[in-house]
Structures are given as structure tokens and as C-alpha cells.
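Keep in mind the model is a prediction, meaning the values are calculated, not measured. Naming: A, B, ... by sequence-line order, numbering from 1 per chain.
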Amino acid sequence: MQLDLEKMRDRIKASQWALADIDWDAPGRERVTENPELYAKLKAFMADLMWIEHVGARGFAAMAKKAPNDTLREIYTYFHAEEQRHANAEMALMQRWGMLDGEGLPEPNINIRLVVEWLDAYADEMPLSVLGSVIPMLEITLDGALCKFLLDTVDDPVCHAAFDKINADEARHLGVDFHVLEMLGHGPIYRQTLDMAGRLIDPRLLMGILAYLPLLNRMRDNLVELGLKENKLYEAIAKYKRVGGTPGGRRNPWFQLISRQGAWVIDRKNVFYHAPVDALVRLTGKIPPRLLPQIPSWVHELTWKPTA
Amino acid sequence: MTTSPQARRSARPQDSAVLHTYETLIVGAGFAGLGSAIRLRRAGIRDIVILERGNAVGGTWRDNQYPGAACDIPSNLYSYSFAPNPEWSRAYSGSREILSYIGSLVRQYELAPLIRFGQEVIELAFDKASRRWLAKTAAGQTYGARTVVMAQGPLSNARFPDMPGIGCFEGHKIHSARWDHGYDFAGKRVAVIGTGASAIQIIPEMVKQAGFVKVFQRTPGWVLPRPDYGTPDWMRALFRRAPAAQSALRQVLYGAHESMATGLIWRTPASGLLEQVARLHLRSQVQDDWMRRQLTPDHRIGCKRVLVSNDYYPSLQQPNAKLITWPIATLSPRGIRTVEGVEHQADCIVFATGFDVSKTGTPFPVHGLGGRLLSEEWQRGAQAYRSVSVAGYPNLFFTFGPNSGPGHNSALVYLESQIDYIVQGVRLVIERDLKWLDVHEGAQQRYNAAIQRRLAGTNWNSGCKSWYLTGDGFNGTMYPGFATQYRLQMRRLPQRDYSLVR
């Protein structure tokens, strides 16, 4: 997937929107608030979704530091802010639906929390090859699948209006994501593989993998708990392999590794993968919150208010 | 030519037949213009006119009177060596004090009679037949002169940036270089756009005065601590009685700044050291990890202008201040919309977004020999010979011309050596009654090829965007070397590189 990054940057700049462009008080909120069953499910779901966007935002912030040229750096700077905008818009929907308790932020689940911690501590030190390969996976599976579910389930017009805008942004994000994935596959395979082997013994990256693996399984469990078909998630994971599997993308060993892992996630019968990862999910669930470090200050930038 | 200078000057200059031809015409009454006039007069050039578009002297320092405005270079170095001022109140003086120093130059050297205020030059053309330059002004007058000193200033044109929605903002807009002293900031929500040299001086003052200040940053710069202090009385007394002591201090400051060149202009271990000093400065003043990340530059030190401040970082952390690093999407009637989707409402936006640096020409058309147009020749980047002369534009001398900018030392040191060089040129023309003095095209090309070769290895050309470079990345702004090197090359005007036409 080759694209002209400069044109893309101009298109991104020309497609900006703000929370104030949406009438958050327009009629239709009762379609969620007066459906108790949906309401309860949606509250936890929206919190997860919002946090996933926030994770994506932090990932892009790290990628902006690694960008090989000014145009890509600028694009990632915009994507960082746009992911934040999505999180803000989702928080505004929660506010509309009365799901925010006072001024406080919704709590993330423990696995998201661990990923946030890891990102904050190490993402800036990770090379573009790692970040540029894993961020599309997160965007396509979590972001993509979760949004799709939301739009299938909720018929509040304001929610649809917001997600029309969010999805248009995400389409551009994926365009750039897969362009970079392809770009990362350039260069001799042996060198890329050696580089990856070197990275894989970096304890910081290993910690990241330990934070990342249970996140996918946790999200799967959450979706099942919400009465969702996990297939939606699996379709999205398969899409990563399909769209990213260009000649260049396939040469990128990180793509190979991540899409292989995606296949393991989809294959519920693969006990060699799921038994330990599910154990990790349970284990992380037992971490007492007081042991976690203080939330990084960038988290407090989230807001549902269109004006400040 | 028997009429007195007074009578000649009062002749109506519109009629070119009776137009008086000055020995030298100087465009601009800022530091450069006044300094040139002083030195020219001392060298015996008496018939001088200074055209000033404003109604006061001081140029940049007259225009930049925003709260907190000060010079980044110690005053003992940011002043003329031939006109020391023992009374500087601080190591780094504020703009008012610098402006009053400029005013004192006018009084001390009796320059007032030379200055024509309200005369904005709109065109300058060399008239081969009468071998003189003709300057047209917006006021409809024409001035003729044998020689011209361009002292219009590189940072004299301020404008609002080309930002989407800038026309629709309904609040108050202020540009740092055109400060609105009548606006009361008390209790107001103020947005400051930009975090460059002007902004970091304005922001601490705004935080003191305004209700709430939001600072919109695009690219953070390296900030070094500023060793500022109030001048003790004994020091002033000493400088008054023993001027040698003051010039000794000037030499020490000069040497200290020269040594910074090794780190700021080229990538050397000293650059790493300076970056480390800046990082420590940041670490000691900002506790929050994320904010430190936001304020840590990605470019190497020296690539953009290095900032000096002790109160910028602390001011950003005041309860009524906030640093915003989200890109600006658009201005709206009520404020600034950033890409994270939030409209940051403001009563007033302060644009500390810099100046139109003339990289491709001068602020008005300059026609040389055969009607050639300077802006056309400089379209792809400005170039001159030793920053002062341009081939095809005889008897015309630039101050702060192409590749004369320092990144580490006082601009006035550079200016002084330009002026002394210009004085040699003007004297040649006047004393030998030359038709013209014009630099050889070849000499200019050789000089610039060497300059560009040397620039390639500097921090300015290391990949960041800055006002030093044109859109194509051409550096026609900075001088790649020590101030001492620059002074040496400016010491003598080499006649072999010029055609002297009688």
C-alpha cells in the first residue's frame, strides 16, 4: 500500500473537526439510557474503548519521535492528537449517557493500565520497527472491532454522528499505518531478522510483550461477557494479516511475528498459547491497585468538554 | 555646487534636475543605520541622510516593547565598542534601556538633523547616467545619493502568521513586535502562540498579569540558564572612571561567547555538553516527566536559535498557566481549536510567531545596473560578497546582509565590522570620485561557494526547520564561523575583488 505522505498530511489537515462540531445534547440519548441491559454493558465497554484510543495516542506520540522524515513526524503528531480527540469524543458520549461519575475519569481495566504504564516508561525507547508494526494491530483489532460493535448495537444518532467522524480519521490512520508497515519491510531480511532477534532479548520489550499478550485475551473475554460474538474480533485480527501482507509487509519480521500471534489468538484450541496467556490475564487481575505507580500526567489531559 | 548643505536640503527633491545628491543615504534609523552614520561622519563623510519609516529611532528595539522584552546577549557586548555605556542596570538589559541607549547615541553624536522620519523607502534604483541611487518614499519624495547603506533591518517586518481561521477570531489580537500597550490583561484568558525567543520573554510577564495563560507550542527549543544580575553601584562607578575596565569585561564576554561557537555552530563534544546543561536546567525546573518530554527538543542544539531564560519553565507551571502541545487545527471566533478536538477559548491571542525574514530579497524593490532586480536574483536564496556587497548593485552596502548572522555572539560585534568595511567603501567612492565601486561577479561566486561549503557541516543545516533557512533549505542567513573570523575577513575591503570605475 503506497501512498503520497505529503498529500496525506494535507488531507489530514483539511479534515479536522472539533468536539464543538457535534451537538452533544441532541435528542436520542434515551435510546441508550432507557435500555438498562445495554446501558450496564456499554458503560464498561465505553471505558475500555476510550482507554484503547488513549493507548493508541501515546503510541503515536512515541512514533513521532522516531519518524524518519518531517512529513511522517507531522502526521504522527496529528495522529497522536486525533486519537486523543477520539478518546475525548467517546468520553463526551459517556457524559451524554450519564456514565461518568462526577469529574473523574473512567477506570481502565488492569491490562490496559499495564500497557499504559509500559508505554509511558519505554515506548519512546522502542524503534519504529516495533511500534510501527504493533500499532496497526491495535488499531485494526481493538479500535476497529470495538467501533463496529458499538455502531451495530447503539442507535443513538449522536453516537453515529461522532463515529462517522472518528471512522473517517481511522481510515487515514490505517492508510498510513500499513504504508509504514510496508516501508519497514525494506532492506535485507537477514538484517531485519537479526535486528529483531536483538530487540527480542531486550528486557524492556519483553515486559511490553508481557503487557500486550493478556490485553488481547482480556478484551476477548470482555466482549464475550458483553454477549458479543468473538468472531468480530477475529475478523479484525485476520484483516491485519490480509491488509498488511503486501510483499513489503511480509518481509517485515515483526509483521510475521505479530500476525502469527494473531492467528494463535484466533485459534481457541491452541492451548499452548491460550493456557499461559489466560493464566497471565488471571494473574494480572490479582495485582492490587495500590502496587501500581501513579498514573502519568498525560492521562489527565482527557476531557469530555468541547471548550476549555 | 556652492550652496550650503542646509539650502540644498530644503530644495524640493521631487525634481530630479535639482535633486540634491547626498554622499550617503542610509535606510533605517535603528542600531545599524545610526552606527553607520556615526562612523561615516568620523571618517569625514558629512553629507548624510537617514530615511526612517517610523517616527522614532530604534528600529527593532523601538518595535519590540512587549512585556519582558530584553536582549539575549549581555549589554556590555550588545552595544557599540566606540560608545560604551557604564550605566547598564543589569547584565542583560531590557528593551527600554537598550532603546534609551540608542537615543543617547543620537544625542551624543548629534544625529537628529540627518534623520527624515516618516520616509518609508518603496523603491531604490541606480541611475547610471547621473551615477547615483534614487530612493522613492511612500510619502512621494525622492532622494538621491552617491552611496547607500541598507540598514532596514532583517527582523523589521512583523505579520500575523498564515493560520487557518485567523480572520474569524473575534477577540483581541496582538503581535509581539507591535505590542498593544493599551490592552489590560488583568483577569483575561490569554493564548500565546509560539515558544521562540520573544515568546519565552513574554510568557512569564503574561502569567503575572493575566487571568489564565495558555501557551501553544509547536517545537520546543533548547533553553539555557541566563546568568543575569543587577549591576552593583561600584561596578558602574568603576566603569565611569576606568573605561578600560569595561572594555576588559567586554573582551571577557566576547571570549566566552566565542567559545560557545564550538558547541552551537558545529556538532562537537561541546554541543553535547551544552545540551546536557540545558537538560539539567529543564530537569531542575520541571518535575513532571511528561511535561519535560514536551519541552525536550528533538533537534540538536544550535540548529534553531538557542533560548536563554530562568523564568520561562517556572512560569509554565503556575496555576494560571498551561502548556499545550497539540497542533492547532484552526482559529475560531472564540479561540483556538486544537487537533485533540477542544476549543481553547481566549479573550486575547498574542502572536509571538516571529518576523518575515527577507530571505529572498529586501522589503522594497532594488534595481541595480541595467535595471536588474535584486529580488529576482535572490529568488533562490540571498547571496552577497562578504555579506556587504552584491555584484551589479554598485555603491550599495548591506548591513546584516546575507550570511552575516551569528548564532553565538553579539550581532553588534558583526555589525561594527560591517560598518567599518562600509566606511572604507564609501570613502573610496567619495574621495576618489568613482562612478562606481562594484564587486566582481566571480569574487562573489567564489565567496559564496566557500560559505555554502562551510555551512553544510553546521548545526543550522543539520535538518531542522528554522527561520535561518528558506523553504528549500538554503541558508542565506548565518555566517559559519567564529565572530573573530568574520571580523578578520571584514577588516579590509580588498580592492582587487571590486571594479573601481572612474
Side-chain angles (χ1 to χ4, degrees), chain A residues 9 12-22 53-54 57-58 60-62 64-70 73-92 120-121 123-124 162 165-166 169 293-308, chain B residues 162-165 171 189 191 212-220 286-299 303 316-317 320-347 462-466 469 471-473:
Chain A
R9 176 196 59 198
I12 291 163
K13 287 188 178 178
S15 320
Q16 291 302 314
W17 55 278
L19 297 195
D21 294 339
I22 294 168
E53 306 273 15
H54 207 37
R58 185 64 183 82
F60 280 124
K65 294 243 178 219
K66 317 280 159 193
N69 60 59
D70 285 346
R73 183 187 342 270
E74 203 177 355
I75 288 177
Y76 283 148
T77 307
Y78 269 74
F79 284 0
H80 172 207
E82 288 185 349
E83 291 290 345
Q84 180 88 4
R85 176 167 71 205
H86 301 168
N88 287 343
E90 285 150 17
M91 205 167 154
D120 193 51
D124 287 342
K165 291 181 186 298
I166 292 175
D169 290 346
Q294 212 184 353
I295 295 175
S297 64
W298 45 269
V299 166
H300 301 293
E301 294 288 303
L302 285 168
T303 177
W304 56 269
K305 293 175 184 153
T307 61
Chain B
D162 221 0
M163 255 175 200
R189 296 169 301 172
F212 200 94
V213 179
K214 285 187 178 172
V215 175
F216 293 81
Q217 170 188 280
R218 191 170 59 182
T219 320
V286 179
Q287 310 313 319
D288 182 64
D289 290 341
W290 180 248
M291 191 175 198
R292 269 209 306 273
R293 184 186 188 277
Q294 289 176 303
L295 290 167
T296 303
D298 289 322
H299 56 268
C303 188
L316 289 176
Q317 298 166 88
N320 66 329
K322 190 168 164 58
L323 172 69
I324 292 172
T325 54
W326 305 116
I328 293 175
T330 179
L331 266 59
S332 66
R334 305 183 66 181
I336 297 169
R337 290 187 176 185
T338 39
V339 176
E340 95 286 19
V342 177
E343 178 173 284
H344 301 272
Q345 298 190 339
D347 302 308
S462 68
C464 72
K465 281 198 183 117
S466 73
L469 309 180
D472 302 335

Under 4.5 Å from any heavy atom of chain B, what part of [X] do you find: side chain, backbone, both or neither?
X         : answer
Glu74(A)  : neither
Pro306(A) : backbone
Trp298(A) : both
Ala92(A)  : neither
Lys65(A)  : side chain

Quiz item: Between Asp124(A) and Arg58(A), does a side-chain contact (heavy atoms from CB on, under 4.5 Å) hold up when you go through it step by step?
Solution: CA-CA 9 Å; Asp124(A) 287 342; Arg58(A) 185 64 183 82; 3.2 Å; yes
Exercise. Determine whether more than 12 heavy atoms belonging to other residues, nucleotides or ligands lie under 6.0 Å from atom CZ of Arg218(B).
Key: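 No, because the 6.0 Å sphere around CZ of Arg218(B) holds 12 heavy atoms or fewer from other groups.
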Exercise. Give a yes or no on whether Gln287(B) atom CD has more than 12 heavy-atom contacts from other residues, nucleotides or ligands under 6.0 Å away.
Key: yes
Exercise. List the steps and the verdict of side-chain contact (heavy atoms from CB on, under 4.5 Å) for Glu301(A) and Glu340(B).
Key: CA-CA 10 Å; Glu301(A) 294 288 303; Glu340(B) 95 286 19; 6.0 Å; no
Measure [X] against the heavy atoms of chain A and call it side chain, backbone, both or neither at under 4.5 Å.
X         : result
Arg293(B) : both
Ile336(B) : neither
Asp288(B) : side chain

Self-check item: Contact leader toward chain B among Arg73(A), His86(A), Glu82(A), where contacts are heavy-atom pairs under 4.5 Å
Solution: Glu82(A)
Quiz item: What residue in Arg85(A), Lys13(A), Glu83(A) has the most heavy-atom pairs under 4.5 Å with chain B?
Solution: Arg85(A)
Quiz item: Do you know which of Met291(B), Lys465(B), Gln345(B), His344(B) has the most heavy-atom pairs under 4.5 Å to chain A?
Solution: Gln345(B)
Self-check item: Derivation of the side-chain contact (heavy atoms from CB on, under 4.5 Å) call for Val342(B) and Lys305(A)
Solution: CA-CA 7 Å; Val342(B) 177; Lys305(A) 293 175 184 153; over 6 Å; no
Quiz prompt | Ion pair check, Lys66(A) and Asp298(B), cut-off under 4.0 Å | solution = no
Quiz prompt | Side chain to side chain, Tyr78(A) and Gln16(A), heavy atoms closer than 4.5 Å | solution = yes
Quiz item: Can you find a side-chain donor-acceptor pair between Asp169(A) and Trp17(A) that sits under 3.5 Å?
Solution: yes
